[in-house]
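Report on one structure; see the data block that follows.
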Amino acid sequence: MTEQPLRVVVADDQALVRTGFRLILESEGIEVVAEAEDGERAVAAVRRCRPDVVLMDIRMPGLDGLEAARRILADDAQEPPRIIMLTTFDLDHYVYAAMAAGASGFLLKDVTPEHLAAAVRLVRTGDALLAPAITRRLVERFARPESPAGPAAAPHRELGTLTPRELEVTGLLARGLSNAELAARLGLSEATVKTHVARILGKLGLRDRAQVVVAAYETGLVSVGSVADPAGGR
């Protein structure tokens, strides 16, 4: 049976960005089913087309990308789309808030064509765009309790329900490790790692690895300044 192509909605108020992303994705066999220039149209396009992934600009006129993402994820669809937030180099606090709301990660708008297509495929599998260096920078800027830009702690994230191994996996997820890196670090198979991640999501009532990262910082499991790249990079 031929695998169905990934279906994507691109939401950005710049026509050149939308066109560029469409051309890149379609050249990789990924179908762009709709474009939207603002948040209202993005929500409508998602409800109409039921895509697998949404590329959502944070700053758009009228309804911004963050509120649009919240509305999309709050819909009663059996399997809501994965949302990738688009941002500039200056990572603002909206990105962190979007992750807390359920977005699967973020991309800088100057992403290379290869990384764009890979990112769309990655989040569709349930993984998250959380490169360690970028995750560290984002958290250090906006996850501090004293920061006025920091989001309020999310309720009902009871880490006490996790086993010691699940707590260990959660801490490593918060540092941006992939399933393969987790398996190597813990001496487990990738299948076992996936099982642990699924159980963590279920126990904490979260839908995405990105939300696990947010929960780890908001509950104090991982502290700001403790994140390091898996290979020891800065």
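This structure is a prediction, so every number in the text was calculated from the model and none was measured. Along the sequence shown, residues carry numbers from 1.
Between Val46 and Met56, the closest side-chain pair of non-hydrogen atoms is not below 4.5 Å. Residues Asp57 and Asp64 form no side-chain contact, since every pair of their non-hydrogen atoms from C-beta on lies 4.5 Å or further apart. With contacts defined as side-chain heavy-atom distances shorter than 4.5 Å, the pair Glu181/Leu172 does not qualify. Proximity of Val32 to Phe21: side-chain heavy atoms (C-beta onward) are nowhere separated by under 4.5 Å. Taking the side chain as every heavy atom from C-beta outward, His196 and Glu168 never approach each other to under 4.5 Å. Side chains of Glu40 and Arg71 form a contact here, defined as non-hydrogen atoms less than 4.5 Å apart.
Smallest separation of non-hydrogen atoms from Leu55 and Leu116: CD1-CD1, 4.0 Å.
Rounding to the nearest 0.5 Å gives a distance of 3.5 Å between CD of Glu166 and NZ of Lys203. Distance CG/Leu201 to CG/Leu173: 8.5 Å, rounded to 0.5 Å. Here the straight-line distance linking atom CD of Glu67 with atom CE of Met60 works out to 11.0 Å at 0.5 Å rounding. Taking NZ from Lys194 and CG from Asn179, the interatomic distance works out to 6.0 Å, rounded to the nearest 0.5 Å. Note that CE of Met85 is 6.0 Å distant from CG of Leu66, once rounded to the nearest 0.5 Å. Between atom CZ of residue Arg50 and atom CG of residue Asp75 there is a gap of 6.0 Å, rounded to the nearest 0.5 Å.
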Full working for side-chain contact (heavy atoms from CB on, under 4.5 Å) between Val9 and Val33: CA-CA 6 Å; Val9 166; Val33 294; 3.9 Å; yes

